[in-house]
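Each chain gets a letter, A, B and so on, in the order its sequence line appears, and its residues count up from 1. Side chains included, hydrogens not; waters and symmetry mates left out as well; all remaining heavy atoms used.
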Amino acid sequence: MNEKFLQPYNPKDTESSLYELWEQSGFFNPDAMIQAGLTEESAEAFSMVLPPPNVTGTLHTGHALMLVIQDIMTRHQRMLGKRTLWLPGTDHAAIATQSKVEKILEKEKIRKHDLGREVFLERVHQFAQESHDTIVAQCKKMGASLDWSREAYTLDEEREKAVYTAFKQMYGDGLIYRKERIVNWDPKGQTTISDDEVVHIERPSKMYTFKYSHDFPFPIATTRPETKLGDTAVAVHPDDPRYQKYIGKEFSFDFAGEPVTVKVIADEQVDPEFGVGALGVTPAHSQIDFEIAERHKLPLKQVINEYGKMILGMDGVRGEKTEVAREAVVNWLREQGLLVEEKEIVQNVGTAERTGAVIEPLPKLQWWINVNKKIPHRDNRSLKELMLDAVRKDGIEILPQRFEKVYFHWIENLRDWNISRQIWFGHRIPVWYRNDETYVGITAPEGEGWVQDEDTLDTWFSSGLWTFSTLGWPDTDTPDFVNYHPTNVLETGHDILFFWVARMVLMTKYLIGEIPFKTVYLHGLVRDNKGRKMSKSLGNIIDPVELIDKYGTDALRMALIVGNGPGNDVNLDENKIKAYKKFANKLWNITRFILENTVPSPEETDYSPKDQEHTQEQEKLIAEISQEMNEYKYYLVSEKLYHYVWHNFADIIIEESKDIFENGTAEEKLSRQKFLWQSLKNILKILHPFMPFITEEIWQHIPREENDRELLMTNLWPKL
RNA sequence: GGGCGAUUAGCUCAGUUGGUAGAGCAGCUCGUUUACACCGAGAAGGUCAGGGGUUCGAGUCCCUUAUCGCCCACCA
């Protein structure tokens with residue numbers, strides 16, 4: 001027996017060298033498995049992409065959970081004999097990464113515009129590279145059996161080719177268009193963002209009821225008086241008797257130093273019950289007003305600029321930030337005797353997900369994806385319909401199922417997707433301009449005088465292609481694409497169902513006509529032991545690396561997985577991890593007992609009645625968990641394994657064995673020895689996906705029998 | 001405003017299709033150092049949030065109330 005077993009199990013001594021052993025074997029790569037004869041060439045495929053972590057820093061416990069679930073899936077499928085590919089990569093995460101680097105530069109008192117686009121991007125790439133290296137090291141520490149030979153990056157050359165190809169095709173089909181519309185402008189980040197990147201927060205605010213001027217016949221209400229300098233109409237409901245006589249009339253007056261002309265119009269969208277039932281229409285600074293203005297062909301007047309400052313109005317208004325100008329306008333209204341009412345209300349305001357700035361709706365010329373246009377070569381269905389059908393008809397299954405409803409609801413309310421960003425880091429829009437000409441292509445056009453669009457693409461545009469841009473697309477006859485598309489499972493957090501999952505469905509259904517994956521497994525959030533979200537401000541962030549140093553990766557993996565069903569948040573309690581560290585040691589000592597009391601291949605012998613009973617019990621367990629593994633019920637399987645190993649195998653079977661080895665007949669002893677050996681090997685195999693390190697470590701130190709493979713990782717799941 | 005989830009032992013949470021309530025931690029009693037003190041045996045602890053219903057039988061299915069949490073939303 002190896003002397004190691006005389007000491008308690010120490011994960012620190014073993015984990016990194018075991019990962020090296022696996023990695024050097026090359027068997028994370030399914031091709032190598034086939035070459036070595038460990039996987040049949042004709043075997044069924046199982047493929048999955050790693051949701052590429054953002055290169056914005058280091059991995060947190062949420063990532064750890066994701067890696068654990070996916071590694072369990074991967075190791076299990078590999079042991080079932082499938083050609084198993086788990087494909088890694090990282091995401092450039094455009095806005096997130098750029099703003100991170102901007103913050104670092106801020107500390108060095110450097111502004112990005114002083115550096116210029118090229119030099120700034122150099123800095124970002126350098127940051128991204130460092131972050132990437134950390135992330136990869138962390139993935140390895142978690143034991144993730146990823147095929148690093150296929151690693152990808154959302155911003156590398158192959159992915160750029162995919163992105164540009166997709167863009168060109170969508171442009172050709174009229175799905176991508178350029179138009180001036182109201183955008184979500186982030187004044188802090190100085191860029192537009194998509195509807196999904198807007199986070200609504202509640203905050204106290206005031207509703208002002210006022211008259212534009214003494215000559216104007218009735219008051220209107222608003223929460224943003226400063227925008228009223230840009231009003232070009234007042235909208236009322238067509239059936240509202242109070243305002244019938246004013247419809248069609250025009251009024252001109254001076255408003256806080258700005259000459260304003262409004263026309264009273266009738267529009268169905270106005271709710272006569274709300275407020276005073278009349279709406280000041282500010283087409284340049286409100287989504288809804290912009291639409292009303294389009295319907296009524298009203299002029300558009302911008303009063304706020306990209307920095308959130310007023311460009312019109314009297315002193316104290318022009319040049320000021322909107323909040324300051326608001327006060328000034330309200331004071332002016334008060335002085336003029338135009339203010340009718342001032343009421344405290346709770347208002348929902350949109351803020352930018354990344355910078356936290358309050359969104360300023362502004363008119364801007366931007367690139368959009370039309371989600372409602374019928375696509376002839378996709379059965380005349382729109383992108384929206386393609387996304388709906390993928391789940392309704394094409395068999396994508398979302399776990400837990402309740403998220404299907406959430407998914408449908410999101411799609412039904414989806415509006416055109418704004419895909420251009422005014423930042424430098426990301427895929428530059430593949431459009432070139434020369435005078436009145438526009439060229440869209442994969443490479444720059446021939447000839448002089450072409451200038452490429454300054455903007456970059458929303459980061460989710462490139463991640464939307466991830467499941468196939470990593471498999472060789474736009475070539476669809478590469479071995480990887482043929483073998484591994486569509487992927488089997490997409491495992492990710494439910495918080496990016498819209499951002500990412502839906503976008504992948506959109507892109508894949510449109511560009512390829514297939515679904516990107518068959519099953520979507522959504523995990524929850526990892527919270528602290530009091531159920532709070534981990535955040536820097538609360539100071540309750542748990543670093544997975546620290547936990548690994550303390551308890552070992554296997555213990556952390558078990559703590560994250562036991563009892564954590566799909567879609568549910570986990571509260572991570574250190575006591576739980578501690579418990580599984582003890583479990584690892586228990587397994588270690590079980591091995592020691594068996595090594596001390598048995599030899600690996602006892603001569604042919606039949607099982608005693610008692611051992612037959614134990615065997616049946618074990619087979620029943622294996623049958624149960626094999627089924628549950630196929631149903632992704634890892635939270636149940638892990639608990640059952642824990643319970644079986646500790647409270648059946650150790651507490652009952654091993655305790656009983658002591659008596660048999662002391663007082664039993666020769667036949668009973670032989671039977672028990674054989675049973676213990678078979679059991680140990682079965683236990684190692686079925687525990688391996690959950691606790692890969694300790695099971696492999698034990699495997700490496702026990703004698704081999706016929707049919708045993710060198711690495712536990714490459715062995716087959718017990719067959720019944 | 002719309003939708004979803006949670007509520008089970010002191011704490012953190014399991015409980016797969018309805019069939020006598022489970023685990024870890026903490027605490028109590030006893031034991032063992034000859035696989036394991038990162039141990040074993042045992043006991044204690046719960047009207048499964050409240051109310052109503054379906055059923056021979058409900059933690060599990062239906063309705064309702066309460067509290068907490070999450071997501072979505074262009075009511076000025």
If the threshold is 4.0 Å, N to carboxylate O, is there a salt bridge linking Arg224(A) and Glu360(A)?
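Between Glu360(A) and Arg224(A) there is a salt bridge, with a charged N closer than 4.0 Å to a carboxylate O.
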Starting the side chain at C-beta, find the nucleotide from [options] nearest to [X].
X         : options                : value
Thr222(A) : C72(B), A76(B), A35(B) : A76(B)
Asp271(A) : C39(B), C75(B), C36(B) : C75(B)
Gln269(A) : C74(B), C36(B), A35(B) : C74(B)
Phe498(A) : U16(B), A76(B), C72(B) : C72(B)
Met207(A) : A76(B), C74(B), C38(B) : A76(B)
Asn348(A) : A76(B), A73(B), C38(B) : A73(B)

Would you mind reporting whether Ile683(A) and Ile590(A) have side-chain heavy atoms less than 4.5 Å apart?
no
Side-chain donor-acceptor pair under 3.5 Å between [X] and [Y], yes or no?
X         : Y         : value
Asn418(A) : Asp458(A) : no
Trp717(A) : Ser626(A) : yes
Asn568(A) : Tyr635(A) : no

Least distance between heavy atoms, Ile182(A) atom then Trp368(A) atom:
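Smallest interatomic distance, heavy atoms only, reads O-CH2, 3.9 Å.
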Phosphate OP1/OP2 of [N] contacted by [X] side-chain N/O (<4.0 Å):
X         : N      : result
Lys640(A) : U16(B) : no
Arg415(A) : C74(B) : yes
Arg402(A) : C4(B)  : no
His200(A) : C74(B) : yes
Lys586(A) : G24(B) : no
Lys578(A) : G24(B) : no

Does anything in residues 641-657 of chain A reach RNA chain B, meaning a heavy atom under 4.0 Å, and if so which residues?
Tyr642(A), Trp646(A), His647(A), Ala650(A), Asp651(A), Ile654(A), Glu655(A)
Would you classify [X] as touching base, sugar-phosphate or nothing, given that sugar-phosphate means primed atoms plus P, OP1 and OP2, and contacts are heavy atoms under 4.0 Å?
X         : answer
Phe290(A) : nothing
Glu628(A) : base
Asn575(A) : sugar-phosphate

How long is the line joining [atom1] of [X] and [atom2] of [N], in whole Å?
X         : N      : atom1 : atom2 : value
Ile288(A) : C75(B) : CD1   : P     : 7 Å
Leu497(A) : G3(B)  : CG    : P     : 19 Å
Tyr635(A) : A14(B) : OH    : P     : 10 Å
Ile201(A) : A73(B) : CD1   : P     : 15 Å
Asp495(A) : C70(B) : CG    : P     : 13 Å
Arg224(A) : A76(B) : CZ    : P     : 12 Å
Lys405(A) : G2(B)  : NZ    : C1'   : 12 Å
Lys633(A) : U17(B) : NZ    : P     : 6 Å

Measure from NZ or CZ of Arg592(A) to the centre of the six-membered ring of Tyr9(A) and say whether it is under 6.0 Å with the direction within 45° of the ring axis.
no
Quick one: stems for RNA chain B, with Watson-Crick or G-U pairs under 3.5 Å, at least three in a row?
B:1-7 with B:66-72, B:10-13 with B:22-25, B:28-31 with B:39-42, B:49-53 with B:61-65
Aromatic plane relationship, Tyr642(A) with Phe583(A) - under 30° parallel, 30 to 60° tilted, over 60° perpendicular
tilted
Span that lies between the P atom of G15(B) and that of U67(B), in whole angstrom
27 Å
Say you pick atom C1' in A6(B) and the same atom in G42(B); how far apart are they, in whole Å?
35 Å
Stepwise salt bridge (Lys or Arg N to Asp or Glu O under 4.0 Å) check, Arg672(A) with Glu656(A):
CA-CA 10 Å; Arg672(A) 179 50 57 104; Glu656(A) 192 182 79; 2.7 Å; yes
Return the 5'-most residue of the pair Val562(A), Val276(A) with respect to RNA chain B, ranking by each residue's nearest nucleotide.
Val562(A)
By nearest nucleotide on RNA chain B, pick out whichever of Phe274(A) and Lys658(A) is the more 5' one.
Lys658(A)
Verify the neighbour count for atom NZ of Lys384(A): are there more than 12 heavy atoms of other residues, nucleotides or ligands below 6.0 Å?
yes
Val520(A) and its side chain to side chain contact (heavy atoms under 4.5 Å, CB included) partner, picked from Leu399(A), Val489(A), Val505(A), Ile398(A):
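It is Ile398(A), the one option of Leu399(A), Val489(A), Val505(A), Ile398(A) that forms the side chain to side chain contact (heavy atoms under 4.5 Å, CB included) with Val520(A).
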